[in-house]
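Below you'll find the structure, written out as structure tokens, and then a few comments.
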Amino acid sequence: MADLIIKNGYVYDPLNGVDGEKYEIHISKGKIVDEVDRRDAKIIDASNMVVMPGGVDLHSHIAGSKINIGRAMRPEDHRKDVMPRTSLTRAGVGYSCPSTFFTGYRYAQMGYTTVFEPAMPPLSARHVHEELNDIPIIDKGAFTLMGNNYFVLKYVKSKDLNMLKGFMAWLLKATRGYAVKIVNPGGVENWKWGKNVGGLDDLVYNFEVTPREIITSLAKVNEELGLPHTIHLHCNNLGVPGNWETTIESIKSVESIKPSEGRTRVVHVVHCQFNALDGENWVKLKSGACKIAKYVNEHNHVTIDLGQVIFTDTTTMTGDGPWQFRLHNLTGNKWVNSDVEMEAGAGVVPYTFRKENPANAIQWAIGLELALMVHDPWKISMTTDHPNGGPFLYYPKVISWLMSRKARTDTMLELNRSCIKKTGLAGIYREYDFNEIAIITRAAPSMLLGLKNKGHLGVGADGDVSIFNVNPTDWKPSMYRDVENAFSRAAFTIKKGEIVTKNGEIAANPLGKTFWVDAKVSEKIESDVLEDLRSEFKRIYTVSLNNYPVQDAYLPLSESVEIQTGRCLS
Amino acid sequence: MNEVVVTLISARTIEQGIGLEIGKTSEQYQNSVSVIELNPSDFESLEISEGETVEVESDYGSVLVKCRSSQDVPKGRAFMPYGPWANKLFSSSTRCSGMPQLKGIKVRVKAAKGLKMPSIVELIDELRRL
Amino acid sequence: MEVFSDVVCPFCGCLCDDLEITVENNKIIKTKNSCAISLSKFMHHEDNRLNYPTVDGRRTDLVEAINESAKILASAKRPLIYGLSSTECEAINRSIELAELIGGVIDSTASVCHGPTIITEQSIGLIKSTLGEIKNRADLIIFWGSNPTESHLRHLTRYSMFPTGLFTPEGRKNRFIVAVDVRKTKLSRIVDLFLEIEPNKDFELISALRAIVRGVKIEAEQVSGIPINILKELAERMKKARFGVVFYGLGLTQSEMGDMNVNAAVGLVSDLNHHTKFVILPMRGHFNVAGANTVSSWLSGYPFAIDYSRGYSRYNPGEFTAVDLLERKEADAALIIASDPVAHFPASAVEHLTKIPLITIDQKVNMTTLLSRIVIPAATVGIEADGTAYRMDGIPIRLKKIIEPSEGILPDSEILKMMIDKIRVLKGGY
Amino acid sequence: MEVFLKPKVKPLIPVEAEVLTPDRFAGMKLSEIEGLPVYVGNRVEKLSDYFELEGSISEKPADQQITILGDASRIKYIGYGMTAGRILVEGGAGMHLGSHMSGGEIVVKGNASDWAGAEMSGGLISILGNTGDLLGSAYRGSREGMTGGCIIVKGNAGIESGIFMRRGTIVVEGEIGSFAGAHMNGGAIFIFGKASRGVGAEMRGNGSMIVCFKGVDSLLPTFIYNTIYKPNFMRIYLKFLFNTLKIDKAGEYFETPFKRYVGDAAVGGDGEIFIAET
């Protein structure tokens, strides 16, 4: 592959402190380098364009049983957006539950090069990896569900954090997972009896532990293990009016946990919009964003992503079984529930966010409020919790709302005015600049994930670059449609030094790699855990322990992050 | 000639499963699926003996199979294992579902003394002649 | 002699993964933990094998068979690819790529087993769990139009009726078991309650149960042959269960209006979740029929009945399902992978198969191979080839390769890859 | 203005011809219309490969009539998504006739196949022969079936007619297959022949109504008998059918009492089934 030089572009590389400077990016053998030989290099002229690192999405349901249930149950969804095959590309269909090839192509077309699937049930990890292997171009990884796992509950109950540590390390490796995902801790286990938990101190049936204990134990061990990402937390009471209190309480519960070396954060709260609702019920719903934002502004141990709502027909899917049942009852829409023995659950319900629905309008505002009221963009990652808040295809629209008050106002004018009054959005004048957009779509998520070679353009970084056809020097927020168009179809997306899209068209179709974490614990802990697994597995699982871990065959192209854990729990 | 009208159910059986894993052309497979079971009272009304050939006819086709009596089959119903014999009786209409109706169709069963049941090879030859 | 443990059985949707297979000189000599059918599969996998490729009944080599197949498929206007459920996921994946490449219709045997389940999932949903949830928690189990004693032989011991689990320490004693069927079966003799119902009357019965669960008074004295007071008792039992499950089979899907039957059953279970925990699981037949739907969904968006004639996937059971395409005499060529439609389709659908160029990839001689213009032998998946299969409840398990196939016999996925490569060449790289 | 399409061949592989709408034809030259693409298996062919065309083309769809002079039972998607104008098919019509149409009129003199009027939102389809399954239905997965317009079938209709219907009217003068109006949530179905098993199954309500003039094969146990009476609105409906839609049979029932059933109780629905007491 020829070396690549990107010249004349306005470069936004927040991790390296570059804010719209014009300088050349050189790429050789898939990596950013100081300088390549100009004579052999392919030169991209990015005059009047924005140059950023490839986009990084840390929370998007792109692979595995949930999104696949969504695909299977929603044929009507796929009719909205189709991609015929070409000599280069495979066929695909969208929209809220896009097929795998379609997913890879559309992300690349928007300048994204790295995406993480945030909810992998261990027992169906193989499924996740099979799908990831059929998502072209982008690099990816998946987070392992742990918050309702039998062994986790058992070790939390017995307060044996060494065993918990050993188990988490084993499970990450067995599933080839990248991070610890917690969904409605305790609530999903209770859902297996048709119940839920209502707050941090409710009891999980038969285990006598509380969501609080689950969260704090997992967070503590997560940091002890020195995992690259913090715990990835989907809080209790998601979608319940008044849940902002639970959210803050959850974040508070880990306040005193010592973060892993080199960072201050110990928890990432996902799709925070769904957990920032204030008011007693849906009728009295108002925004709780300012309360969350205030807390986040005052504390450095938490980061959030948005879960921004888009006004469209979409498909909700979470590991939160009881919430999906609730949503099914609220909407009357079709409902798939899928509980996974000993470890997880899931539900899928189609949902349409409507401008004329007061609650939806407030939810839409909450996402934006969170992004705009949290002062430090490094604490924010932009997501729609695809496809829960809306399909990822709408990221450019979210960018335009964040960058332009006019864009927000134009949308607000279509909404019920009294709803907007229940939020603080109309009073916010802040507008993101290109640098801040680069932070929340690239630098911050990559930093939060501990991906050293992603999200920036310094020497040694992966050669993932996106170039957008918008001139930042004469762009004004009133021109928000231009920025939306530019981010919808990148002028160039470069992946590992290869031009993969050009003017929004796919130009190459390589296979990306899968990240996973190989956390090492002491041999003693490892063997204790294995012994416990052996003694219990057959009785409670329907798959044998030997057949449980994901085989190497499922990771044709992967990068493991090896972690030696030095610190011991006392 | 004696005849009964019954509701035919087709389904899997262990013998059919074992037979098909040996091979579709094996004796075991053919023996396991070329049979119809009737309730003893329906069976008696045909005035045949156990294992004798009967002709089963539906609105869509007919086939010769051996007949057995079984207490498990309620009166007015009949059972056949899945397979090429039973499939000669079903309609290919799926009513826009993709699934033909393979259970609960009306068939007429009558004695066919002396007539020989077709073997799988004969069924194939019949198809080749189409 | 070598003993392979934790071997996965590639026969039914149970995908039992605790088999022990003893191999000597590349021959299977013993199996442990196998059911009767599994035993037959492992011990007889060498019987009635296809040993070499044929074109028009003439022995040939693999390359010629692939070339001839490629010619047929590349020039067909309305090619059909069918089967898939008895092979592993990589081969299914390739089959879909092939369908895309030739602009064909692709359908799996799901259309004639649990297609109605999928149609229901698309209209009202599905409330399911993995089998371990049943083993660990279920205290009320209802088999509706399904009979694992003939079709899923270890289901009762591994997953449903007998196993002990986390919250079911006494196994069978912790459970009340109901069977609903139109005839007596081995199962009906070992359950706590057997309801013998009239054929094609499932929908009415389930609807009545739903109404009773809702507290509505039904005026009829009996429904579908079952007295109303028995239905009332059953409804009460369902509401009071700690964790209930309905396992349903082809008794619902293959009767008249199978999609509505399943619709009613799923609706009932959905309603019951307002009272207690209840799930419903289809008893999927072939060992990887769930995989066929799964892989197909992530690649094409649709679980079965897919048409690629316009370059992208479209879905419509009844229009793009195999039986219908053949019944309407639409297909002008067919590729059958790991399936025997000639033996298993109704006669008039089979008739059209005899009139078009037919290509079959299979391990054994079957009715379809006997009528095919081109036959390509394949390795037996799960014995001579590895790969992924999805259990009836959606759990992916890796099948093992325990012996080498005969020389020159390749796995389905490799044969399909060769075919794809050849067709690409024929199409000038497009 | 009227354009005539004379079928040339009976295609072995069905032809997908969603171009057969007044909307598409309007404002085009005849030669351009001849070149419109149709999809046959995996090939793209021309409309003129299957039809001889003559006649005149109007500027506006509303003024355009398309007449197919013969059998089109292997032609799919006739009138797909049309908004105005008129299509007359002298013979039979293939699958998806008038699916997604929102206006205009289609008349088929022969039989129509499955999915006629599927997910239509407006306009009128008259089928003088029989029709296949899933008449005026939702496509699989969708819960928005027919949302407006009217379908009249002089002959018999197949199974699951009007499934997931939301609004609009279906009139079947002959018999109707099982599970008519399943999941219905609005709209009206009039069945002048005998209705089969499962009529109104899982009907939710929202004003949905099924009227059976010749009885039902077996009414679901979950439809609860309510009363027998002569509803005023029924008379108004019947007058409308008789006078406006020219359904002569409607005239026989002006004075007929109807038994009213409410359901489907299985889903807590409050839809109505009226069965003429004759």
Side-chain angles (χ1 to χ4, degrees), chain A residues 63 65 67-69 71-79 82-85 87 90-93 97-102 123-127 130-131 134 150 191-194 206 325 328-329 333-342 345 348-349 539-544 546-547 551 553-554, chain C residues 5-6 8 17-18 89 93 97 100-101 118 121-133 135-137 158-159 164-167 242-243 270 273-279 293-295 297-303 308 310-315 386 388 390 394-398 429-430:
Chain A
S65 52
I67 182 75
N68 215 36
I69 287 168
R71 293 181 189 115
M73 80 187 280
R74 296 213 63 193
E76 77 281 15
D77 182 71
H78 307 318
R79 295 192 233 143
V82 296
M83 255 184 169
R85 76 174 281 276
S87 58
R90 295 282 300 272
V93 295
C97 303
S99 63
T100 53
F101 279 88
F102 186 102
L123 199 51
S124 57
R126 257 174 294 274
H127 181 173
E130 284 208 296
E131 284 197 22
D134 274 342
Y150 167 76
W191 172 239
K192 291 173 174 184
W193 301 116
N206 304 303
F325 180 56
H328 156 66
N329 291 325
N333 288 345
K334 52 190 173 184
W335 168 48
V336 173
N337 179 76
S338 176
D339 294 330
V340 182
E341 65 207 57
M342 311 318 300
V348 186
V349 177
R539 182 172 65 100
I540 55 176
Y541 269 98
T542 53
V543 173
S544 78
N546 289 334
N547 284 323
Q551 293 82 357
Y554 295 91
Chain C
S5 56
D6 302 302
V8 184
D17 74 334
D18 61 344
C89 290
N93 203 315
E97 187 179 353
E100 215 179 291
L101 182 65
I118 295 165
E121 186 172 359
Q122 293 164 343
S123 58
I124 64 164
L126 199 59
I127 296 89
K128 56 188 183 176
S129 76
T130 66
L131 291 165
E133 287 294 287
K135 157 175 147 150
N136 285 318
R137 298 176 204 261
R158 270 175 69 82
Y159 308 122
T164 58
L166 192 58
F167 305 111
R242 196 171 51 153
F243 185 118
S270 181
N273 273 277
H274 290 281
H275 302 277
T276 183
K277 182 75 179 183
F278 233 99
V279 297
N293 299 144
T294 301
V295 176
S297 295
W298 84 59
L299 288 172
S300 75
Y302 306 113
Y308 273 108
R310 295 217 178 170
Y312 56 86
S313 48
R314 294 186 300 167
Y315 166 78
D386 56 8
T388 319
Y390 285 71
I395 298 301
I397 303 182
R398 187 147 189 94
Y430 185 75

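Basis for what follows: all heavy atoms, side chains included, without hydrogens, waters or symmetry-related copies. Just so it is clear: chains get the letters A, B, ... in the order the sequence lines come, proteins before strands, and each one is counted from 1.
- Counting heavy-atom pairs under 4.5 Å between each of A/Pro84, A/Ser338, A/Ala125 and chain C puts A/Pro84 at the top.
- Between the side chains of C/Arg398 and A/Tyr554, at least one donor-acceptor pair of N or O atoms lies under 3.5 Å.
- By the salt bridge (charged side-chain N to carboxylate O under 4.0 Å, His left out) test, C/Lys277 pairs with A/Asp339, sequence neighbours left out.
- Heavy-atom pairs under 4.5 Å with chain C were tallied for A/Ser124, A/Ala72, A/Ala553; the largest tally goes to A/Ala72.
- Proximity to chain A (any heavy atom under 4.5 Å) is shown, for C/Lys128, by both the backbone and the side chain.
- Only the backbone of C/Arg310 comes within contact range of chain A, with heavy atoms under 4.5 Å apart.
- Within the 4.5 angstrom heavy-atom criterion, no atom of C/Phe278 approaches chain A.
- For chain A, the option among C/Ile118, C/Ile397, C/Thr294, C/Val8 with the highest count of heavy-atom pairs below 4.5 Å is C/Thr294.
- Between C/Thr388 and the options A/Gln551, A/Glu130, A/His127, a side chain to side chain contact (heavy atoms under 4.5 Å, CB included) holds for only A/Glu130.
- Interface remark: C/Asp18 contributes no atoms to any contact with chain A (heavy atom separation under 4.5 Å).
- C/Thr164 touches chain A through its backbone: at least one of N, CA, C or O sits under 4.5 Å from a heavy atom, while the side chain does not.
- With sequence neighbours excluded, the residues forming a salt bridge (charged side-chain N to carboxylate O under 4.0 Å, His left out) with A/Lys192 are C/Glu133, listed by chain and number.
- Ranking C/His274, C/Glu121, C/Glu100 against chain A, the residue ahead of the rest is C/Glu100, based on heavy-atom pairs under 4.5 Å.
- Ranked by heavy-atom pairs under 4.5 Å with chain C, the first of A/Arg85, A/Met73, A/Lys334, A/Arg71 is A/Arg85.
- In this structure, no portion of C/His275 lies under 4.5 Å from any heavy atom of chain A.
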